[in-house]
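To start, the structure under review is shown below, and the notes come after it.
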Amino acid sequence: MVATMVICVLLAAALLVARHLLLARRGSVPCRIRVGDGAWRSGVARYADGELHWIPLLGVRLRPRHAIARRGLVVSRRRELDGGLVAIDCSGSTRDLSLAMSDDALTGFLAWLESAPPSAYLDVA
């Protein structure tokens with residue numbers, strides 16, 4: 001019984017350490033996501049190679065659940081949420097989704113969205 005409790009505590013501690021390391025990585029920001037009319041889910045957004053990877057905070061896997069391509073992404077609406085978060089509605093090459101983050105993180109997201117070099121969006125056969 002005691003061994004089972006120790007194993008559970010160690011697994012929970014490992015999960016917390018992994019999530020802390022995920023948040024501490026450069027280019028990672030706390031971010032909530034809502035796909036379609038679903039519920040808001042908390043996670044971490046990380047910029048990687050022209051995509052925004054969203055990783056849920058709760059879960060065992062540390063792999064991205066959503067990969068949002070910068071190419072063709074359109075921000076259509078901005079609104080304030082509770083807790084000092086700003087939500088934006090996005091559409092384009094991905095299914096309709098909403099992202100919620102702090103003002104500072106939103107500024108970084110919009111700068112990332114606009115900073116692609118002009119040749120990045122050319123389809124060359």
Side-chain angles (χ1 to χ4, degrees):
M1 180 71 172
V2 173
T4 304
M5 291 295 287
V6 169
I7 290 172
C8 288
V9 168
L10 289 175
L11 286 174
L15 185 62
L16 290 173
V17 168
R19 295 300 168 194
H20 174 72
L21 291 175
L22 183 65
L23 277 170
R25 291 179 92 176
R26 187 176 183 162
S28 297
V29 295
C31 177
R32 291 184 185 171
I33 192 169
R34 183 175 73 181
V35 179
D37 292 330
W40 286 103
R41 296 183 301 169
S42 295
V44 176
R46 183 177 61 209
Y47 302 102
D49 298 330
E51 290 183 331
L52 181 75
H53 293 166
W54 185 84
I55 304 163
L57 276 179
L58 298 175
V60 179
R61 294 175 27 177
L62 294 176
R63 295 179 48 195
R65 179 86 38 96
H66 296 279
I68 304 161
R70 173 170 33 192
R71 180 182 202 161
L73 188 65
V74 177
V75 175
S76 59
R77 195 175 104 180
R78 177 182 176 159
R79 62 191 183 283
E80 298 286 327
L81 293 181
D82 296 337
L85 296 177
V86 179
I88 54 172
D89 295 335
C90 302
S91 61
S93 60
T94 62
R95 57 185 174 249
D96 292 341
L97 56 90
S98 298
L99 299 171
M101 55 189 78
S102 68
D103 276 328
D104 293 340
L106 179 61
T107 301
F109 172 77
L110 294 175
W112 170 79
L113 190 60
E114 295 173 358
S115 68
S119 62
Y121 297 134
L122 293 178
D123 289 327
V124 179

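If you're wondering where the values come from, they're calculated on a predicted model, not measured in any experiment.
- If you chain together hydrophobic residues whose side chains sit under 4.5 Å apart, Trp40 and Leu99 never meet in one group.
- Arg78 places no side-chain N or O within donor-acceptor distance of the main-chain N or O of Val86, the cut-off being under 3.5 Å.
- In this structure, CZ in Arg32 is found 12.0 Å from CE in Met101, a value given to the nearest 0.5 Å.
- Scored by the ring-ring contact (aromatic ring centres under 6.0 Å, His included) test, His66 finds Trp54 as partners (sequence neighbours excluded).
- A continuous path of Ile, Leu, Val, Met, Phe, Trp and Tyr side chains, each step under 4.5 Å between heavy atoms, connects Leu73 with Leu110, placing both in one hydrophobic cluster.
- Phe109 is not listed as a side-chain neighbour of Val29, based on a closest heavy-atom distance of 4.5 Å or more.
- The shortest heavy-atom contact between Glu51 and Ala67 is OE1-CB, 3.8 Å.
- Asp89 CG to Ser76 OG: the interatomic distance, rounded to the nearest 0.5 Å, is 5.0 Å.
- Side-chain heavy atoms closer than 4.5 Å link hydrophobic residues (I, L, V, M, F, W, Y) into clusters, and following such links, possibly through other members, connects Leu10 to Val2.
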Problem set entry | Residues Leu52, Arg70; criterion side-chain contact (heavy atoms from CB on, under 4.5 Å); working and verdict | CA-CA 7 Å; Leu52 181 75; Arg70 173 170 33 192; over 6 Å; no
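- Linking ILVMFWY residues whenever their side-chain heavy atoms come closer than 4.5 Å, directly or via other members, leaves Leu85 and Ile88 in distinct clusters.
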